[in-house]
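As the structure is a computational prediction, the values presented were derived from the model and not from experiment. Numbering of ligands and ligand atoms starts at 1, following listing order. The first residue in the sequence is number 1, and the count goes up from there.
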Amino acid sequence: MSGYRTLTEQEAVEYARNIPNLFPEDARLVSREIGDGNLNYVFHIKDERPSGKSVIFKQALPYVRVIGDSWPLTLERARIESEALILEDQLCPSSVPKVYHHDTELALIVMEDLSVYQIMRKGLVEKKRYPNFPKQIGTFLARTLFLTSDLAMSPLEKKQKAASFTNPELCNITENFVFTYPFHDHPSNAYNPLIANVVQRIWNNNELKLEIAKLKEGFMTRGQALLHGDLHTGSIMVTEEDTKVIDPEFAYYGPMGFDIGAVIANLLLNYAAHEGHTPDLQERESYQTYLLETIMEIWNVFENEFRALWNEKAQEPYAKVPGYQDSYLQNILQDTAGYAGCKMMRRVIGLAHVSDLESITDPKLRAKGETLALTIGQELVLQRKTMTSIKDIVNVVVAATQN
Ligand code: SR1
Ligand code: MG
């Protein structure tokens with residue numbers, strides 16, 4: 001990391017001018033730091049002339065941005081993110097921003113500007129609907145997960161891929177902040193005091209903690225496929241027609257259900273948040289129904305695409321053994337439910353919350369949404385092993401809402 005330095009807005013402009021063919025020589029470049037995530041700097045660099053183009057610079061800092069330099073964090077994550085974006089674009093074309101340039105020394109990725117897209121989480125709080133999203137994200141999940149797994153790759157090639165995506169420091173964040181700290185009385189937790197009794201019951205629930213321990217073990221030991229690793233609705237950008245997946249810096253080889261569970265968890269956190277955001281019952285139920293239908297469609301697209309890829313491309317000698325495909329998909333479904341449950345609970349109890357719930361200003365109303373999220377989360381974890389279809393996940397949500 002000898003040549004590493006954090007860029008200023010002006011230095012980012014100068015750097016952009018020196019990337020061959022990125023901007024015309026007479027471009028009038030302006031730069032603005034727009035990062036609002038937990039970890040990195042993000043610069044928007046634009047040629048101010050009419051019809052001038054724009055790009056995004058994402059620079060990893062050698063520490064966690066929201067905490068400061070007391071928490072160092074590897075710059076290697078920029079290499080992982082850049083390589084994951086390039087690979088995802090090959091496996092599922094146009095599903096991610098194009099990478100124009102990567103500088104290992106500066107931990108910098110220069111990529112397509114998606115300013116016409118909106119962060120999906122914001123759109124969901126505004127009760128927007130995205131009719132193409134299930135098809136697009138279900139396809140992304142099926143293609144990236146199947147095509148990087150042992151089902152599709154030779155064992156040697158897959159293990160080389162897994163080695164190049166070894167991402168211990170970012171995995172450690174997930175192990176701590178998703179699976180461990182929220183389920184213990186840890187100083188990093190930050191929850192609404194009005195739900196203290198619900199949180200205490202979770203900490204005292206050994207049956208639940210046993211299941212979370214098993215899910216954490218799966219996250220740490222089961223390298224099924226290359227995951228995005230942090231696929232919440234803040235890592236998804238949307239227009240009414242299109243979907244792009246961003247920010248795969250947590251990419252590593254792990255259990256497929258972790259990525260699918262992340263998408264479902266975040267749709268369900270939004271579902272729970274509308275208990276506070278949308279007082280009109282009919283309007284609330286209509287949007288919540290839309291979210292549940294979206295979840296079912298995502299799974300159905302994922303399953304159909306995954307089965308089609310399996311039937312067409314599987315290299316694994318056991319792929320045609322009767323029952324193997326069904327059993328593989330049932331395991332993914334059960335993992336999906338379990339990981340979704342963990343991810344819902346960590347966003348209510350742990351350090352990193354979601355704006356879906358945080359933007360409910362009345363703490364009592366927020367507590368209603370948070371309690372529903374915690375109830376759904378617990379039931380998904382506890383009931384996952386009996387689940388055989390996506391309808392079972394939806395039934396858990398409906399039952400929790402009615403209670
Ligand atoms: C301390 S970082 C907390 C969270 O931010 C990222 O988006 C990941 O979800 C991580 O767990
Ligand atoms: Mg991120």
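Residue contact check for ligand 1: Thr174 places no non-hydrogen atom closer than 4.0 Å to it. Put simply, part of Arg347 is less than 4.0 Å from ligand 1, judged by heavy atoms.
Those atoms of ligand 1 that come under 4.0 Å of a heavy atom in His232, given as number and element, are 7 (O). The contact set between ligand 1 and Trp71, taken as ligand atoms under 4.0 Å from a residue heavy atom, comprises 1 (C). Counting atoms of ligand 1 from 1 in the listed order, those under 4.0 Å from a heavy atom of Asp230 are 6 (C), 7 (O), 8 (C), 9 (O).
Looking only at heavy atoms of the protein, atom 4 (C) of ligand 1 is closest to Asn38 ND2, 3.5 Å.
Surrounding CD of Gln282 are at most 12 heavy atoms belonging to other residues, nucleotides or ligands under 6.0 Å away.
Proximity of Arg346 to ligand 1, defined as any heavy-atom pair under 4.0 Å, is confined to the side chain (atoms from C-beta onward). Of all the heavy atoms of His353, none lies under 4.0 Å from any atom of ligand 1, so neither backbone nor side chain is involved.
Ring geometry for Tyr290 versus Tyr287: interplanar angle of 30 to 60°, hence tilted.
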- Message: If you apply the rule salt bridge (Lys or Arg N to Asp or Glu O under 4.0 Å), what do you find for Lys216 with Glu175, and how did you get there?
- Response: CA-CA 7 Å; Lys216 180 181 176 189; Glu175 288 148 18; over 6 Å; no

- Please report the C-alpha distance between Glu211 and Lys214 in whole Å, then the side-chain angles of each, then the deciding distance to 0.1 Å, and finally whether the salt bridge (Lys or Arg N to Asp or Glu O under 4.0 Å) criterion is met. CA-CA 5 Å; Glu211 295 310 315; Lys214 292 178 194 166; 3.0 Å; yes

- Message: Walk me through whether Asp335 and Arg222 qualify under salt bridge (Lys or Arg N to Asp or Glu O under 4.0 Å).
- Response: CA-CA 11 Å; Asp335 277 356; Arg222 206 141 49 79; 2.6 Å; yes

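Under a 3.5 Å cut-off, the side chain of Gln59 and the backbone N or O of Arg5 do form a donor-acceptor pair.
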